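Accompanying notes for the structure given below.
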Amino acid sequence: MADAANPARLPSAPSAASRLPPPSPAALLAWYDRHRRRLPWRAAPGERADPYHVFLSEIMLQQTTVVTVGPYYADFLARWPDVGALAGARLEEVLSRWAGLGYYARARNLHACARAVVERHGGRFPQEEAALLALPGVGPYTAAAIAAIAFDRRAAPVDGNWERVVARLFALEETLPKAKARLKALALTLLPQARFGDFAQAMMDLGATICTPRKPACALCPWRKNCAAHAGGTPERYPLKAAKAARPTRQGIAFLVVRADGAVLVRSRPAKGLLGGMSEVPSTPWETQAPADPLAHAPLAAQWTALNARVSHVFSHFALDLALWRARVPAATPAPAGHRWVPRAGFEAEAFPSVMVKVLQYID
DNA sequence: TATGCGTGGTT
DNA sequence: TAACCAAGCAT
């Protein structure tokens, strides 16, 4: 394509769309006024949303569905009703309440961001996209989303929905993720003169309910007459995506140490990286090959039993296959260095990721 | 620009 | 059932 050889012409629309009338922001806003979804973090029509609500929901919604986020959002808001309360929380508690939601760096950054808002901005979120972008865990999308939705600033929060809608409108032949810059540039050309927050949410609602990844409901789309992909007959083809790498499998052994009173031996993972700061039962490293000498990594000497069960779990970039060994030890057994005993009643307060919830099914 | 980083629902 | 997908960010 000509544009690929000439990056300076980034915002130009591909020729496939050139013969259609341009999409009108007013048409989308009119559709939004009739079909807007009611979501817990949204303000009533015509009102501006609380920046903290927007912030909290946007962080939780990163790569996560609305249905999954719902209960977590309600719990966080009840527990920490404003940014000052969240800033005053302990990280361990934030992680324990985030447990199960995944991408745990978000929880660490959420907490760090709340503290930054208090320390740098006196407890009020900045309104400028650039200042928002400087906050921990706030990237280009989230900065634009807060600016537009909470402050009605002119901004284009280009998420997966926007990318899909824009790629189809222009029948963009470039593949993701390479196409991201061009999609953002094209998205900016769609912005209205006002109602930036409504427009942002309208694009997301359109992508979530009409311009869906599979079987888009083009007949109901306010922009069907402006859409090059629809005109071409294969809207589902867009956005084009680069091939993904295969997902390897790693092996490991998890050690369940159960004290006579029911307490279980637990440790915390390193603060960063996979499941950073989360709680786990001791285990071998998770590697391509199963450990040669299983009990060499056991946290303590005991009468170990290999369980006739395995735990499988899929992470974003590898699948994990865990063997399980269990030992029952006397009530007086001291916890090895770096470990702690957690009674059954203490599980709720622990930051166990989903894979550990699966493992802990086998303590009995 | 590519990779690391979770989870659960859908097809 | 394996693949795909969901309001991305940090490095």
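Residue numbers begin at 1 in each chain, while the letters A, B, ... track the order of the sequences. Please read all numbers here as calculations on a predicted model, not as lab measurements.
Comment: A/R168 does not engage A/E236 in a salt bridge, judged by the lack of any side-chain N to carboxylate O separation of less than 4.0 angstrom. Contact check on A/E92 versus A/R97 returns no salt bridge, with no Lys/Arg side-chain nitrogen under 4.0 Å from an Asp/Glu carboxylate oxygen. Classification of A/R195 and A/D152 as a salt-bridged pair fails, no side-chain N sitting under 4.0 Å from a carboxylate O. Ion pairing of A/E287 with A/R250 is absent here, as no side-chain N (NZ or NE/NH1/NH2) approaches a carboxylate O to less than 4.0 Å. The pair A/D198-A/R42 does not count as a salt bridge, with every side-chain nitrogen at least 4.0 angstrom from each carboxylate oxygen. The existence of a salt bridge linking A/E174 and A/R182 is confirmed by a sub-4.0 Å separation between a basic side-chain nitrogen and an acidic carboxylate oxygen.
Map A/K241 and A/A143 each onto its nearest nucleotide of DNA chain C; the residue landing nearer the 5' end is A/K241. Both A/K244 and A/N109 lie near DNA chain C, and the one whose nearest nucleotide falls closer to the 5' end is A/K244. Residues A/P177 and A/V355 each lie close to DNA chain B; by heavy-atom proximity, the contact nearer the 5' end of the strand is made by A/P177.
Contacts of A/L101 with the nucleic acid, taken as non-hydrogen atoms under 4.0 Å apart, include base atoms. A/V314 comes within 4.0 angstrom of a base, heavy atoms only. Base engagement by A/V66 is indicated by at least one non-hydrogen atom pair under 4.0 Å involving a base atom. Counting non-hydrogen atoms under 4.0 angstrom, A/L39 reaches a base of the nucleic acid. Within the 4.0 angstrom heavy-atom criterion, no nucleotide atom of any strand lies near A/W98. Among the heavy atoms of the strands lying under 4.0 Å from A/R214 are primed sugar atoms or P, OP1, OP2 only; no base atom is included. No engagement by A/P157 is indicated, since no non-hydrogen atom pair under 4.0 Å with the nucleic acid exists. A/S57 comes within contact range of no nucleotide atom at all, as no heavy-atom separation falls under 4.0 Å. Counting non-hydrogen atoms under 4.0 angstrom, A/G207 reaches nothing in the nucleic acid.
Proximity of A/T65 to the phosphate of C/dA7: no side-chain N or O atom is located under 4.0 Å from OP1 or OP2. Using a 4.0 Å cut-off, some side-chain N or O of A/Q63 falls inside it from OP1 or OP2 of C/dG8. For B/dG8, the OP1/OP2 oxygens have a side-chain nitrogen or oxygen of A/S354 closer than 4.0 Å. Residue A/H313 places no side-chain N or O under 4.0 Å from the OP1 or OP2 atom of B/dG6. Within the 4.0 Å cut-off from OP1 or OP2 of B/dT7, not a single side-chain nitrogen or oxygen of A/T68 is found.
Per the geometry, CG belonging to A/L176 stands 14 Å off P belonging to C/dC4, to the nearest Å. Protein atom CG of A/L95 is 11 Å distant from nucleotide atom P of B/dG6, rounded to whole Å. Look at CG on A/L320: it is 11 Å from P on B/dT7, rounded to the nearest Å. Summarising the geometry, the separation between CE on A/M60 and P on B/dG8 is reported as 15 Å, rounded to the nearest angstrom. In this structure, A/F55 atom CZ and C/dA7 atom C1' are separated by 15 Å, rounded to whole Å. Rounding to whole angstrom units, CG of residue A/L132 and P of C/dC9 are separated by 12 Å. Remark: P of C/dG8 and CG of A/L183 are 14 Å apart, rounded to the nearest angstrom. Here the P atom of nucleotide C/dG8 and the CD atom of A/E163 are 8 Å apart, to the nearest Å.
For A/L274, the side-chain atoms get nearest to B/dG6 when compared with the rest of C/dG8, C/dA7, B/dG6. Distance from the side chain of A/E58 is smallest to C/dA7 among B/dT7, C/dC9, C/dA7.
Side-chain atoms of A/T64 and base atoms of B/dG8 include no donor and acceptor less than 3.5 Å apart. Side-chain N/O atoms of A/Y103 and base N/O atoms of B/dG6 include a donor-acceptor pair closer than 3.5 Å. You won't find any donor-acceptor pair under 3.5 Å spanning the side chain of A/R164 and the base of C/dA7, going by distance alone.
For the P atom pair drawn from B/dG8 and C/dC9, the interatomic distance equals 22 Å after rounding to whole Å. On the P atoms, B/dC5 is 23 Å away from C/dA7, given to the nearest whole Å.
In this structure, A/R259 forms a cation-pi arrangement with A/W341, its terminal cationic atom sitting closer than 6.0 Å to the ring centre and no more than 45° off the ring axis.
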